[in-house]
Number of protein chains: 2
Amino acid sequence: MASSKRALLIDTAQALFYKNGFRATGIDLILAEAGVAKKTLYHHFTSKDDLIIATLMQRDQQLLLRLKTDTQRLIPVQTCQTKLAPIMAFFDALAEWITSEQFFGCMFINGSAEYPRHDDPIHLACREHKLLMMQLIESLLVEVELSDKKSVVRQLSIIADGAIVGAHTMSESDSTRFAKIAAQAVLTHFCLNYTQ
Amino acid sequence: MASSKRALLIDTAQALFYKNGFRATGIDLILAEAGVAKKTLYHHFTSKDDLIIATLMQRDQQLLLRLKTDTQRLIPVQTCQTKLAPIMAFFDALAEWITSEQFFGCMFINGSAEYPRHDDPIHLACREHKLLMMQLIESLLVEVELSDKKSVVRQLSIIADGAIVGAHTMSESDSTRFAKIAAQAVLTHFCLNYTQ
DNA sequence: AAATAACTAGACCGACCTGTATACTTCTGC
DNA sequence: GCAGAAGTATACAGGTCGGTCTAGTTATTT
């Protein structure tokens with residue numbers, strides 16, 4: 001195995017950063033939790049910020065993969081029109097994630113909150129994830145005929161983010177239910193071939 | 001004046017916390033910026049967390065007042081149905097705030113991100129603000145006949161939060177435009193007496 | 001005018017932070 | 001089997017953190 005320690009460090013850091021925040025989580029805690037020497041960390045990463053970005057990149061891939069997989073699994077159980085099933089299933093996948101045991105909001109929204117400067121590499125990494133999330137939403141709308149697809153993608157992205165924030169900030173895990181309803185309303189409004 | 005220093009400290013802290021984050025902003029920087037002695041800070045506040053909460057409470061009042069005022073001002077220029085004008089004006093007020101010079105997201109979303117534990121006093125203060133925000137949205141819907149008002153309030157609240165997050169995390173200030181469109185779609189869908 | 005409250009300036013504390021250096025050990029590829 | 005990479009353990013540097021303390025100064029109130 002090339003560098004299992006590197007992977008172990010990222011996994012440990014991810015759990016701690018997500019649960020407690022980036023600035024609140026010290027290097028020493030990560031090292032103690034992972035059982036790894038400090039020298040090893042700085043062998044694989046140039047700085048804490050570098051570790052944060054690597055953590056965000058892994059989280060990005062894992063979360064998108066999870067949402068994609070869960071969405072596909074949930075498409076068949078949708079009761080709506082076939083072409084809308086993928087995007088509706090996406091909101092169910094979102095609900096599963098949000099109501100799962102370990103949910104502390106979106107790591108990327110949290111990251112951009114802790115590193116507010118728009119030119120900060122960490123902030124930019126968070127932005128990158130949100131762009132990929134929008135691409136995922138767009139990919140689930142390929143079969144849907146919309147009067148303005150770009151606009152609908154933006155609207156659904158906003159609704160998804162709002163649901164995540166609502167669930168975390170207000171500790172109300174049922175926000176995805178309302179997000180799905182809002183998404184349906186948007187799709188009804190802009191779908192050219194919609195049948196209730 | 002009872003305690004101008006206390007007000008000065010809160011004002012200074014608010015600007016710095018908002019721009020740079022809570023944990024990233026040290027007590028010493030606030031004191032230097034405000035030109036106030038450390039002893040004075042700990043005369044008015046028991047701890048940094050106490051100052052943070054006082055800051056959040058002031059911010060809560062100021063932001064809600066600003067949004068209420070701006071909403072009232074923007075009601076007359078709405079082109080939609082009269083009864084929907086208040087809530088539509090709210091999304092324009094949101095847009096004015098988001099596109100204003102100094103915007104670093106929602107201080108309460110950021111706060112709950114930095115203090116993720118749901119029982120943390122700071123997290124709870126952020127939650128409180130979001131509840132008041134929902135009350136504001138609800139108050140703008142009094143004249144609107146809706147099939148399920150509670151549900152619509154939640155949906156609009158989610159859309160508003162999504163717009164704020166989108167503007168900050170993705171650095172795209174036009175998110176409120178799409179939020180307003182989504183809000184219109186939701187209202188169209190649930191409004192009993194809607195006419196386009 | 002006296003007393004009390006609010007304030008300044010700055011030293012200081014212990015804890016914690018990121019990151020580096022030293023010295024040694026284990027693993028791994030050729 | 002040996003060289004080099006990757007690892008451990010730990011001390012340490014240099015700084016910042018929140019918070020306390022002392023001592024003296026200004027304001028306010030009665």
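Bear in mind the structure is a predicted one, so any value in this text is a computation, not a measurement. All values below come from the heavy atoms of this structure, side chains included, with hydrogens, waters and symmetry mates left out. Sequence lines set the chain letters: A, B, ... in the order given, protein chains first and strands last, and positions in each chain run from 1.
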Rounded distance in Å - [atom1] ([X]) to [atom2] ([N]):
X: A/His43; N: C/dT26; atom1: NE2; atom2: P; result: 18 Å
X: B/Leu31; N: D/dG19; atom1: CG; atom2: P; result: 11 Å
X: A/Phe45; N: C/dT20; atom1: CZ; atom2: P; result: 15 Å
X: B/Leu41; N: D/dT20; atom1: CG; atom2: P; result: 11 Å
X: B/Leu51; N: D/dG19; atom1: CG; atom2: C1'; result: 13 Å
X: A/Tyr42; N: D/dA13; atom1: OH; atom2: C1'; result: 13 Å
X: A/Asp28; N: D/dA11; atom1: CG; atom2: P; result: 13 Å
X: B/Leu8; N: C/dA6; atom1: CG; atom2: P; result: 16 Å

Item checked: Flag if over 12 foreign heavy atoms under 6.0 Å of NZ, A/Lys19 ->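 No - once you tally the heavy atoms of other residues, nucleotides and ligands closer than 6.0 Å, there are 12 at most.
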Margin query: For A/Arg117, is the CZ atom crowded, meaning more than 12 foreign heavy atoms sit under 6.0 Å from it?
Written below: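 Incorrect, the count does not exceed 12.
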Notebook entry, point to check: Could you give the distance from CD (A/Gln61) to CG (A/Leu56), rounded to the nearest 0.5 Å?
Noted result: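 One finds 12.0 Å between CD of A/Gln61 and CG of A/Leu56.
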Note to self: I want to check something: taking the side chain as every heavy atom from C-beta on, are A/Lys68 and A/Leu136 in contact at a cut-off of under 4.5 Å?
What the structure shows: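 Heavy-atom side-chain distance check passes, below 4.5 Å.
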Next item on the list: Flag the pair B/Leu51 / B/Ser47 as yes when at least one side-chain heavy-atom distance between them is below 4.5 Å, and no otherwise.
Entry: no
So, does [X] get its side chain near the phosphate of [N], meaning an N or O under 4.0 Å from OP1 or OP2?
X: B/Lys5; N: C/dC7; answer: no
X: B/His44; N: C/dA6; answer: no
X: B/Lys39; N: C/dC7; answer: no
X: B/Ser47; N: D/dG18; answer: no

Nearest-nucleotide pick for [X], side chain only, options being [options]:
X: B/Lys48; options: D/dG7, D/dG18, C/dT18; value: D/dG18
X: A/Lys38; options: D/dG7, D/dT8, C/dT20; value: C/dT20
X: A/Ile27; options: D/dG7, C/dT18, C/dT8; value: C/dT18

Next item on the list: Within residues 14-26 of chain B, find the residues that approach DNA chain C with a heavy atom at under 4.0 Å, and present them sorted by residue number.
Entry: none
Checklist line | Nucleic acid contacts of residues 111-126 of chain A, taken as heavy-atom distances under 4.0 Å to DNA chain C | finding: none
Next item on the list: Heavy atoms only: give me the nearest B/Leu74-B/Ala93 pair and the separation to one decimal.
Entry: CD1-N, 3.6 Å
Checklist line | Shared hydrophobic cluster for B/Met134 and B/Met107 (ILVMFWY, side-chain gaps under 4.5 Å) | finding: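 Yes: a chain of side-chain contacts under 4.5 Å links B/Met134 to B/Met107.
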Does a side chain donor of either [X] or [Y] reach within less than 3.5 Å of an acceptor in the other side chain?
X: B/Ser139; Y: B/Gln135; answer: no
X: B/Glu96; Y: B/Ser100; answer: no
X: A/Asp92; Y: A/Gln78; answer: yes
X: A/Ser171; Y: B/His118; answer: yes

Notebook entry, point to check: Under 6.0 Å from the six-membered ring centre of B/Phe108 and within 45° of its axis: does the NZ or CZ of B/Arg127 meet both?
Noted result: no
Check: Taking five pairs at each end, how big is the angle between the two axes of the helix from C/dA1-D/dT30 to C/dC30-D/dG1, to 10°?
Finding: 30°
